[in-house]
K.L.:
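First the structure, then my questions, so here it is.
Reminder, nothing fancy here: chain letters follow the sequence lines and each chain counts from 1. Since the model is a prediction, treat every value here as computed from it, not as a measurement.
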Amino acid sequence: MYLEMQNRLAEHLRGVLRSKYDLELQSIPIEIPPDLKFGELSAPVAFELARKLRKEPKVIAQEIVAALGSIDGFAGFEVAGAGYINGRLDRTAGARNTALESYFYIRLLEKSGPVQHSLVEHTSINPNKAAHIGHLRNAILGDTFVRLLRAAGQRVDVQNYIDNTGVQVADVVVGFLYLEGRSVAQVRQLLDGLKRKGERVDYYCWDLYAGTSQWYEQGSEDENAARKKLRYATLHEIEHGGNETAEIAELISTAVLKRHLETMLRLDIEYDFLPRESEILRLKFWDAAFEQLKNTGVLYFETEGKNKGCWVMRRPGAEVAEGALDEDAKVIVRSNNTVTYVGKDIAYHLWKFGLLGKDFGYKPFFTYPDHECWISAEHGDEPHPHFGGAQAIYNVIDSRQSDPQANVIQALRGMGYTEQADRYTHFSYEMVALTPRCAVELGYSVSDEDLARPYIEVSGRKGFGVKADDLIDKLIAATRAEVDARQTGGADAEAGRQRIAEQIAIGALRYFMLKFTRNSVIAFDFKDALSFEGETGPYIQYAVVRARNIFRKAGITPEAVLAEFKAIDPTAYLEGPAAEDIWVLWLRAARRTLVLEQCISTSEPAYLAKHAFQLAQEFNNFYHKHHILTEEDPARKTFLLATAAVALRELVEVLSWLGIESPEAM
RNA sequence: GGGCGAGUAGCUCAAUUGGAUAGAGCACCGGCCUUCUAAGCCGGGGGUUGUGGGUUCGAUCCCCGCCUCGCCUACCA
């Protein structure tokens, strides 16, 4: 409702400016005033025009208000402060519209035109160790953004890129081959053994990877040099394929990848397609990209300076005089003819936009209750769904990768794909680090230098961090204890309690990862993450449960109440000082699509998290002040029930967009 | 050296992207359970928004200088 009214006001203002001053403004910002005494919507447009029209803002505002007349849905307009144009809504109409909004989905961008096809890539954990809290932030941000795009009516493919031939996988393979001295058969045996015992392969690799990383530095200088050589020899065998080393890499990376999918499924996170580095290499994506890059002049062969013999590209924003040597250029093809990571990434991104002229093979890999997740293959199965060829892409990758991401975008732009470059979003976010206190708590030895820092970066290489499954287990144990203590659902609700504890635990975790804006570093601490009070997921879920209890006890459904609400006149209950706090709740409820649009245009899910919290807060406030079931005036009771119904509907819907379930009881 | 980000209440973070009196949570202090569940509600103290200038009707936000911190910047992947 809010978004609709905002657009309506902006359109009318545009019309007034056109007819009265012959002015055409690009955008007419409409804001929500800081206090309800200023109305529900406000336009500071008069300030902007003051200089142009050489009049006082206040005078301009008065002229505009006079010309505005009356607008459907608004009770009136007035000038306040130094020249704000404040609009008051017709509260009765506003409440009725809000109550009418579909109980489940409202398609925000139903406007006109075809449905946008977007591709979101997230998670992308190297398949050589267990997922940790940093990966959780990535996956939760990505998954939530997918939900937001889908809520707005977009068609979205979810991809999880797998670097199964990189140095990280090579390191763990070195561990199996040379530290543990295992053959392919023995690795296979180990995997079977772990499976039988119900142990997690990714945990096993976590330790082995950290051990191997240490091993590279543990020996004498000569030994270390030899070990590094082994490392790169292993890497090249994996890249090349068709040998035992590559076979071990395939076994391990596939087993670990399955574990990652299981971990993420605990958080209700699913994928459609898993493109792998190995197929990008074997299907020769690079060769196709290289031709295009050379033909468009994005890449040039350097004949002088430190990059002599390499194919390089200019960095974005670099200013180099014509004909001068650009020593700072980015190397894409090394002098030994091998391709850098950015080079392969350019090829991959051409594929994402359907510009490469090549495609993956596809095989089914992981089955979800309602769909299949496919994986890339050199020779795929038929038939298969088609991925790639998207109009817009979002890469959920931490901010440390902003440089290579910018290079890829620059390359696309240079090749003439400017529209695609504009629709390429590096959805960047800051890392999750540990507070020194948390690191000590976990038993890591922490240097004095690190103890003085606000946070310490996690490191898979050092085996330093909190594993995702450990955190989830811990959260569920804590919520289960709380649920048991409260005897949630009655004394013999044993079976349901585990389910509820899981819903609350996941709600707490997802909310925790979403409440911070993307470019704020999360300094992780168990105390904060295990908190269920205040600005947390469980606080919001609790509000839902409270609302549901009202309807349970009243013996009526929210839908039935909203149907009854149509028949009463709520005007008397929406006006006057006593009604302000209730009207505030209605207004908040009416803001969902406005917030959704904001989240999508800024790629910032945190706004919706904040919205959910504020809505819950205002509902709790309302819950306390107005006792519904004892209300004697039947019309007023219907009005109060309708208020609760709208709040409940919005809470459940917004939580679902955040990937958080709404438990039946708490 | 260059690039990006950050610096806001004791702590952790917001601030509708330049708007009206800078707000939440935690922590601390004090109240509220015979009521639709206290994972809750109400009240209280807490601020020179790192710093110095500039731009304008208006700056936490934009520009310049300085200070502090983090990350990126290799023909490694």
K.L.:
Out of B:G5, B:U37, B:A39, which nucleotide sits closest to the side chain of A:V483?
P.N.:
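The answer is B:A39.
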
K.L.:
Is the base of B:C33 syn or anti, where syn means the angle lies within 90° of 0?
P.N.:
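Judged by the O4'-C1' to base torsion, B:C33 sits in syn, the angle falling within 90° of 0.
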
K.L.:
Taking donor-acceptor contacts at under 3.5 Å, does the side chain of A:Y455 reach the base of B:G70?
P.N.:
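A donor-acceptor contact between them is absent.
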
K.L.:
Roughly how far apart, to the nearest Å, are B:G18 and B:A6 at atom P?
P.N.:
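After rounding to an integer number of Å, I get 13 Å for this pair.
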
K.L.:
Return the value, rounded to whole Å, for the distance between atom CZ of A:R315 and atom P of B:U73.
P.N.:
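The distance from CZ of A:R315 to P of B:U73 comes to 9 Å, rounded to the nearest Å.
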
K.L.:
Give the C-alpha distance, both sets of side-chain angles, the deciding distance and a yes or no for salt bridge (Lys or Arg N to Asp or Glu O under 4.0 Å) between A:E279 and A:R276.
P.N.:
CA-CA 6 Å; A:E279 275 67 53; A:R276 291 187 297 186; 3.1 Å; yes

K.L.:
Please report, rounded to the nearest Å, how far the C1' atom of B:G1 is from the CD atom of A:E327.
P.N.:
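Distance, rounded to whole Å: 15 Å.
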
K.L.:
CZ of A:R453 versus P of B:C71: gap in Å, rounded?
P.N.:
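Taking CZ of A:R453 and P of B:C71, I get 7 Å after rounding.
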
K.L.:
To the nearest Å, how far apart are A:Q541 CD and B:U37 P?
P.N.:
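In whole Å, B:U37 P lies 17 Å from A:Q541 CD.
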
K.L.:
Are more than 12 heavy atoms, taken from residues, nucleotides or ligands other than A:E441, located less than 6.0 Å from that residue's CD atom?
P.N.:
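More than 12 heavy atoms, drawn from other residues, nucleotides or ligands, come within 6.0 Å of this atom.
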
K.L.:
Quick check for you: among B:C72, B:U37, B:C13, whose closest atom lies nearest to any side-chain atom of A:F516?
P.N.:
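Out of B:C72, B:U37, B:C13, the nucleotide with an atom closest to A:F516's side chain is B:C13.
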
K.L.:
For A:F38 and B:A20, are the ring centres under 5.5 Å apart with planes inclined under 30°?
P.N.:
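Stacking is present between B:A20 and A:F38, given that their ring centres fall under 5.5 Å apart and the planes under 30°.
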
K.L.:
Measuring only the C1' atom in each nucleotide, how far is B:U51 from B:U68? A whole number of Å is fine.
P.N.:
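Those two atoms are separated by 11 Å.
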
K.L.:
Examine A:Y84 together with A:F47 and report whether their ring centres are nearer than 6.0 Å.
P.N.:
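Between A:Y84 and A:F47, the centre distance is under 6.0 Å.
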
K.L.:
Please determine whether any donor N or O and acceptor N or O are separated by less than 3.5 Å between the side chain of A:S42 and the base of B:A20.
P.N.:
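Indeed there is one.
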
K.L.:
Which one is paired to B:C71, where only Watson-Crick or G-U wobble pairs with both distances under 3.5 angstrom count?
P.N.:
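Its partner is B:G3 (Watson-Crick or G-U wobble, both distances under 3.5 Å).
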
K.L.:
May I ask you to verify if any side-chain N or O of A:R486 is less than 4.0 angstrom from the OP1 or OP2 atom of B:A39?
P.N.:
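Yes, within the criterion.
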
K.L.:
To the side chain of A:N307, which of B:A38, B:A24, B:C75 is closest?
P.N.:
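Nearest to the side chain of A:N307 among the choices is B:C75.
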
K.L.:
State the pairing partner of B:U49; accept Watson-Crick or G-U wobble contacts with both distances under 3.5 Å, and report none otherwise.
P.N.:
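Looking at the geometry, B:U49 pairs with no nucleotide.
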
K.L.:
Specify whether A:H626 and A:F622 have parallel, tilted or perpendicular ring planes, treating 30° as the upper limit for parallel and 60° as the lower limit for perpendicular.
P.N.:
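Because their plane-to-plane angle lies in the 30° to 60° range, the rings of A:H626 and A:F622 count as tilted.
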
K.L.:
So is the aromatic ring of A:Y539 stacked onto the base of B:A39, judging by whether the centres are under 5.5 Å apart and the planes are under 30° apart?
P.N.:
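No, the aromatic ring of A:Y539 does not stack with the base.
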
K.L.:
Quick check on B:U60: syn or anti? Syn means the glycosidic torsion is within 90 degrees of zero.
P.N.:
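What B:U60 shows is an anti base, its glycosidic angle lying more than 90° from 0.
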
K.L.:
Roughly how far apart, to the nearest Å, are B:U8 and B:G47 at atom C1'?
P.N.:
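Per the computed distance, 8 Å lies between those C1' atoms.
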
K.L.:
Does the Lys NZ or Arg CZ of A:R227 fall within the cation-pi geometry relative to A:Y216 - under 6.0 Å from the ring centre and within 45° of the axis?
P.N.:
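The answer is no, since A:R227 fails at least one limit relative to A:Y216.
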
K.L.:
Ignoring hydrogens and angles, are the base of B:C75 and the side chain of A:S335 linked by a donor-acceptor pair under 3.5 Å?
P.N.:
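Flag set: donor-acceptor pair detected.
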
K.L.:
Expressed as a whole number of Å, how far does the P atom of B:G40 sit from that of B:G25?
P.N.:
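It works out to 10 Å between them.
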
K.L.:
Nearest to the side chain of A:E533, which nucleotide is it out of B:C26, B:A6, B:C57?
P.N.:
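Minimum distance to the A:E533 side chain belongs to B:C26.
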
K.L.:
Is the gap between the ring centers of A:Y539 and A:F613 under 6.0 Å?
P.N.:
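Centroid distance A:Y539-A:F613: below 6.0 Å, so yes.
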
K.L.:
Check the angle between the aromatic planes of A:F512 and A:F516 and answer parallel, tilted or perpendicular using the 30° and 60° thresholds.
P.N.:
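A:F512 and A:F516: perpendicular rings.
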
K.L.:
Which nucleotide in the set B:A39, B:C71, B:G19 lies at the smallest distance from any side-chain heavy atom of A:E482?
P.N.:
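Nearest to the side chain of A:E482 among the choices is B:A39.
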
K.L.:
What is the separation between atom CE on A:M666 and atom C1' on B:U37, rounded to the nearest whole Å?
P.N.:
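Distance, rounded to whole Å: 11 Å.
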
K.L.:
Choosing from B:G19, B:C36, B:U16, which nucleotide comes nearest the side chain of A:I32?
P.N.:
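Nearest nucleotide to the side chain: B:U16.
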
K.L.:
Rounding to the closest angstrom, what is the interatomic distance between B:G70 and B:G44 at atom C1'?
P.N.:
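It comes out at 37 Å once rounded to the nearest Å.
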
K.L.:
Across the strands shown, which category fits A:P57 at heavy-atom distances under 4.0 angstrom: base, sugar-phosphate, nothing?
P.N.:
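Touches nothing.
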
K.L.:
So if I take every side-chain heavy atom of A:Y607 and compare against B:U17, B:C72, B:A39, which nucleotide ends up nearest?
P.N.:
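Side chain of A:Y607 sits closest to B:U17.
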
K.L.:
On a plain distance test, is the side chain of A:K625 in donor-acceptor contact with the base of B:U35 below 3.5 Å?
P.N.:
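Looking at the base of B:U35, it does not pair with any donor or acceptor on the side chain of A:K625 (distance under 3.5 Å).
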
K.L.:
Within the 4.0 Å heavy-atom criterion, would you say A:K637 contacts the bases, only the backbone, or no part of the nucleic acid?
P.N.:
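It contacts nothing in the nucleic acid.
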
K.L.:
Could you let me know what B:C28 is paired to, Watson-Crick or G-U wobble, both distances under 3.5 Å, or none if it's on its own?
P.N.:
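For B:C28, the partner nucleotide comes out as B:G44, under the 3.5 Å rule.
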
K.L.:
Distance between the C1' atoms of B:A22 and B:A9, in whole angstroms?
P.N.:
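Going atom to atom, C1' in each nucleotide, I get 11 Å.
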
K.L.:
Can you identify which nucleotide, out of B:G5, B:G19, B:A20, has its nearest atom closest to the A:P33 side chain?
P.N.:
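My answer, after comparing the listed nucleotides, is B:A20.
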
K.L.:
Quick one: which of B:C76, B:U35, B:G19 gets closest to the side chain of A:Y84?
P.N.:
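Among B:C76, B:U35, B:G19, the one nearest the side chain of A:Y84 is B:G19.
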
K.L.:
Please determine if a side-chain N or O atom of A:K306 lies less than 4.0 Å away from the OP1 or OP2 oxygen of B:C75.
P.N.:
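A:K306 to B:C75 OP1/OP2: side-chain N or O found under 4.0 Å.
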
K.L.:
What's the gap between B:U16 and B:U60 when it is taken at their P atoms, as a whole Å value?
P.N.:
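After rounding to an integer number of Å, I get 12 Å for this pair.
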
K.L.:
If we ignore hydrogens and angles and just use 3.5 Å, is the side chain of A:H349 paired with the main-chain N or O of A:D345 as donor and acceptor?
P.N.:
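Yes; judged by distance alone, with no hydrogens or angles, the pair exists.
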
K.L.:
Kindly say whether, by distance alone, the side chain of A:Y623 makes a donor-acceptor pair under 3.5 Å with the base of B:U35?
P.N.:
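Result: no qualifying N/O pair found.
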
K.L.:
A:I504 has a side chain; which of B:G70, B:A39, B:A20 sits nearest to it?
P.N.:
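Output: B:A39.
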
K.L.:
In whole Å, what separates the C1' atom of B:U17 from that of B:A59?
P.N.:
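B:U17 and B:A59 have their C1' atoms separated by 13 Å.
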
K.L.:
Mind listing the closest non-hydrogen atom pair of A:L509 and A:L475 along with its distance?
P.N.:
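Closest pair (atom of A:L509, atom of A:L475, distance): CB-CD1, 3.7 Å.
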
K.L.:
Roughly how many Å is it from CZ in A:F524 to C1' in B:C13, rounded to a whole number?
P.N.:
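Going from CZ in A:F524 over to C1' in B:C13 covers 16 Å.
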
K.L.:
Roughly, in whole Å, what's the span from CD1 in A:I556 to C1' in B:C36?
P.N.:
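About 14 Å, once rounded to whole Å.
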
K.L.:
Can a side chain N or O of A:N336 be found less than 4.0 Å away from OP1 or OP2 on B:C75?
P.N.:
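The answer is no; no side-chain N or O of A:N336 sits under 4.0 Å from OP1 or OP2.
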
K.L.:
Is A:N621 near enough to B:C42 that one of its side-chain N or O atoms lies under 4.0 angstrom from OP1 or OP2?
P.N.:
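So the side chain of A:N621 is within the cut-off, an N or O lying under 4.0 Å from OP1 or OP2 of B:C42.
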
K.L.:
Is the phosphate of B:A38, meaning OP1 or OP2, less than 4.0 Å from a side-chain N or O of A:R546?
P.N.:
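Checking A:R546 against B:A38: at least one side-chain N or O falls below 4.0 Å of OP1 or OP2.
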
K.L.:
Can you check whether A:N620 has a side-chain N or O nearer than 4.0 Å to OP1 or OP2 of B:G40?
P.N.:
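No, outside the criterion.
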
K.L.:
Atom CZ of A:F619 and atom C1' of B:U37: how far apart are they, to the nearest Å?
P.N.:
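Going from A:F619 (CZ) to B:U37 (C1'), I get 12 Å.
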
K.L.:
Map A:T630 and A:R518 onto RNA chain B by nearest heavy atom, then report which one ends up closer to the 5' terminus.
P.N.:
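The 5'-side residue here is A:R518.
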
K.L.:
With both distances under 3.5 angstrom, what nucleotide forms a Watson-Crick or G-U wobble pair with B:U56?
P.N.:
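Pairing partner: none.
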
K.L.:
Can a side chain N or O of A:Q617 be found less than 4.0 Å away from OP1 or OP2 on B:G25?
P.N.:
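Affirmative; the distance criterion is met.
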
K.L.:
Could you walk me through whether A:D171 and A:R461 satisfy the salt bridge (Lys or Arg N to Asp or Glu O under 4.0 Å) test, starting with their C-alpha distance in whole Å, then the side-chain angles of each, then the deciding distance to 0.1 Å, before giving a yes or no?
P.N.:
CA-CA 10 Å; A:D171 283 344; A:R461 198 168 290 282; 3.3 Å; yes

K.L.:
Which part of the nucleic acid, if any, lies within reach of A:T602 when heavy atoms closer than 4.0 Å are counted: base, sugar-phosphate only, or nothing?
P.N.:
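It contacts base atoms.
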
K.L.:
Classify the side chain of A:N86 and the base of B:A20 as holding, or not holding, a donor-acceptor pair under 3.5 Å.
P.N.:
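Between B:A20 and A:N86, which were checked side chain against base, a qualifying N/O pair under 3.5 Å is present.
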
K.L.:
Over all strands shown, is A:H426 touching base, sugar-phosphate only, or nothing at heavy-atom distances under 4.0 angstrom?
P.N.:
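The answer is nothing, as A:H426 stays clear of every strand by at least 4.0 Å.
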
